[in-house]
Amino acid sequence: MTTNRYVKAISYNFLYFLLSSVVYLALTPLAIRVMGDELYGLWSILFAVAQFTSLGTLGIEPIVNKFAAEKADNPAQTNRILSSALVIVLVMAVLLSLAVYFLRGVIARAINPSAAYLEQLNAAIAVYAVVIFPLFLTRVFRGFLLSRILNRFVRLLDTLYALLPLIGGVMIALYDRDLFLMALWNLVVVVGVFVAYLWKTASVIHLEWRPDRETMRSLLGFSGYMFLESSAITLFQKFDRILVAMLLGPAAAGVYTVASGAGSRMSSLAGNISEVLIPYASIKHAARQKESLDRTVTRLSSYVSILNAVAGGLLIVWMKEILSLWISPTYAAANHIFFGIMIAAYGVLSLSRPAHQTLIGLGMVKVTSTNYLLATGTMLVGLYFFSRWFGLSGAAAANALMVLLLFLNLYLYIWLDRGKSVKRLLTDLLIGLLPLAIALLMVSLGLSWGYRAVFSLVLLVLSAWRLLSDRYLVSQVAHLLARGEE
């Protein structure tokens with residue numbers, strides 16, 4: 001594998017990230033207007049429930065990614081990995097599906113929708129009990145394709161999976177505001193995505209059914225810690241919305257979902273760069289090429305910090321204007337500071353992504369899972385109390401507790417080079433988070449657009465100077481552009 005292959009994969013990630021972001025920005029305000037606050041909130045909760053159940057996969061996707069990358073030249077062993085992983089997720093899918101089905105009434109009542117939507121929500125959750133099966137199986141094939149650096153295909157399906165439920169939800173709401181029909185549409189989308197992943201995998205490797213006890217034990221050896229990590233990630237990114245709905249109601253959950261969706265774009269931006277580090281770090285570690293890995297991690301962490309600063313700083317400082325154009329001036333006046341805090345909180349998550357993915361590739365899942373579990377547990381406790389005390393503003397502040405994830409950066413830097421570890425962590429904080437803190441302060445003080453314009457210009461100029469002075473980055477971008485012209 002050459003470095004250019006990884007750069008090409010990152011470029012595909014960015015392309016589909018931009019595409020999905022544009023469509024997301026166009027569809028979200030339309031969905032809110034068509035569905036109304038409560039129905040949109042309930043629809044977003046349903047989607048979160050589906051993602052929340054995915055913790056039952058025991059973190060199988062990154063495990064398959066790592067193991068399949070190490071056995072890329074051994075089709076028989078790769079089939080053992082895939083078959084064994086499928087057995088594991090099928091067993092878990094059966095257990096989770098039964099649990100969701102029989103607890104659907106309890107879940108629906110806990111969300112506490114209006115009487116008009118209670119039965120619809122109950123029936124929709126029953127549909128999601130079926131969604132679990134194709135959703136779980138897809139994780140195995142997605143992990144395999146990422147191990148082969150087939151990011152273009154994976155990102156295309158990620159984009160479709162993110163957008164088609166929303167598009168279908170809007171179309172159904174125009175015809176009939178029925179959560180059950182929306183759930184059925186999501187089932188169709190999930191099955192279609194699963195079939196596409198299966199087809200692509202079959203085109204890459206001749207599939208054979210070879211489940212193996214020893215391979216299962218190896219996968220499950222990682223899955224214990226990866227289950228804890230996947231649980232923590234799902235709790236942070238999905239269950240928090242359900243908790244807000246229980247504490248503050250479906251309408252507030254809708255606002256929280258829009259804000260966390262915008263914030264997650266920050267994390268996705270970093271993920272587009274760092275996702276390739278799982279197979280890359282695994283291969284480099286197996287080959288004992290620590291210095292090469294160190295250089296790559298340093299470079300990618302620097303890029304993530306710069307992009308985090310630019311995207312987060314500009315979004316926060318112009319959030320009121322963005323929300324006014326995107327949704328409405330009234331919505332912007334009520335929620336722009338809340339959105340800004342959420343952007344900053346997800347900025348912390350973004351900075352931890354390169355270290356997180358690298359540590360998984362190195363097999364240090366005990367470290368990543370323990371840290372994620374601690375950070376998420378602290379955040380959810382904060383979310384419960386802060387939401388009760390301060391409403392949505394408290395919910396946003398609780399997300400900032402995910403700063404504990406930066407321990408992953410420090411741990412990796414110590415492993416790579418103890419002497420430079422503190423300096424590298426401080427560099428991440430200075431470049432990646434300081435502009436976000438300044439932007440939040442400016443918005444809180446209500447500074448005029450002139451001050452914010454100067455801040456934006458300085459931020460853009462400094463970031464552009466730093467990126468353009470990186471000869472490696474410039475050469476790789478020029479190479480990609482040259483290939484695009486051929």
Side-chain angles (χ1 to χ4, degrees), residues 21 24-25 28-29 31-33 35-38 40-45 47-48 235-269 308 311-350 376 378-403 433 435-447 449 452 455:
S21 296
Y24 170 81
L25 290 172
T28 299
I32 294 173
R33 293 190 184 98
M35 295 183 188
D37 289 342
E38 183 179 17
Y40 179 78
L42 291 171
W43 175 87
S44 63
I45 293 167
F47 201 78
L235 287 169
F236 169 53
Q237 297 185 348
K238 304 300 175 184
F239 182 72
D240 60 335
R241 305 176 188 185
I242 301 173
L243 184 58
V244 169
M246 294 177 178
L247 295 172
L248 304 177
V255 177
Y256 185 89
T257 296
V258 176
S260 58
S264 67
R265 299 282 155 174
M266 294 282 295
S267 177
S268 297
L269 189 63
N308 194 67
L314 294 181
L315 282 174
I316 292 171
V317 84
W318 297 107
M319 184 56 70
K320 189 172 184 179
E321 288 76 10
I322 292 171
L323 289 177
S324 295
L325 294 172
W326 187 27
I327 299 178
S328 73
T330 303
Y331 190 96
N335 298 305
H336 71 283
I337 294 181
F338 165 68
F339 270 70
I341 298 173
M342 291 291 284
I343 293 293
Y346 273 86
V348 173
L349 179 62
S350 300
T376 299
T378 304
M379 188 278 288
L380 288 177
V381 171
L383 182 67
Y384 177 80
F385 288 106
F386 292 174
S387 296
R388 290 170 63 91
W389 296 338
F390 307 112
L392 275 176
S393 297
N399 279 263
L401 294 172
M402 296 301 287
V403 70
L433 291 184
L436 277 63
I438 294 173
L440 268 178
L441 179 63
M442 296 178 72
V443 171
S444 300
L445 294 175
L447 298 184
W449 70 269
R452 289 180 287 143
F455 167 78

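These numbers come from a predicted model, not from an experiment.
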| said: Show the nearest heavy-atom pair for residues Ser350 and Asn308, with the distance to one decimal. | reply: CB-OD1, 3.3 Å
| request: Any chance you could measure Ile316, atom CD1, to Ile438, atom CD1, to the nearest 0.5 Å? | output: 11.0 Å
| query | Take atom OH in Tyr384; do more than 12 heavy atoms of anything else shown fall under 6.0 Å from it? | reply | no
| task | With rounding to the nearest 0.5 Å, note down the distance linking NZ in Lys320 to CG in Asn335. | result | 11.5 Å
| query | Which atom names give the shortest non-hydrogen contact between Met442 and Val317, and what distance separates them? | reply | SD-CG2, 4.5 Å
| Pairwise distance CG(Leu323) to OG1(Thr330) - rounded to 0.5 angstrom | 12.0 Å
| request: Measure across Ala396 and Ile341 and return the closest heavy-atom pair with its distance rounded to 0.1 Å. | output: O-CG2, 3.5 Å
| field | Arg388 side chain to Leu247 backbone, donor-acceptor under 3.5 Å | value | no
| said: Quick check for you: to the nearest 0.5 Å, what is the distance between Asn399 atom CG and Phe338 atom CZ? | reply: 7.5 Å
| Less than 4.5 Å apart, any side-chain heavy atom of Met319 and any of Ile343? | yes
| note | Tightest non-hydrogen contact, residues Trp449 and Trp318, listed as O-CH2, 3.7 Å
| Pro329 and Ser324: which non-hydrogen atoms are nearest, and at how many Å? | CA-OG, 3.7 Å
| task | Check Ser260 against Tyr346 and note the closest heavy-atom contact, atom names and distance. | result | CB-OH, 3.7 Å
| message | As an exercise, state the distance from CG of Leu441 to CG of Leu447, rounded to the nearest 0.5 Å. | response | 7.5 Å
| Once you round to the nearest 0.5 Å, how far does CG of Leu392 lie from CD1 of Ile337? | 13.0 Å
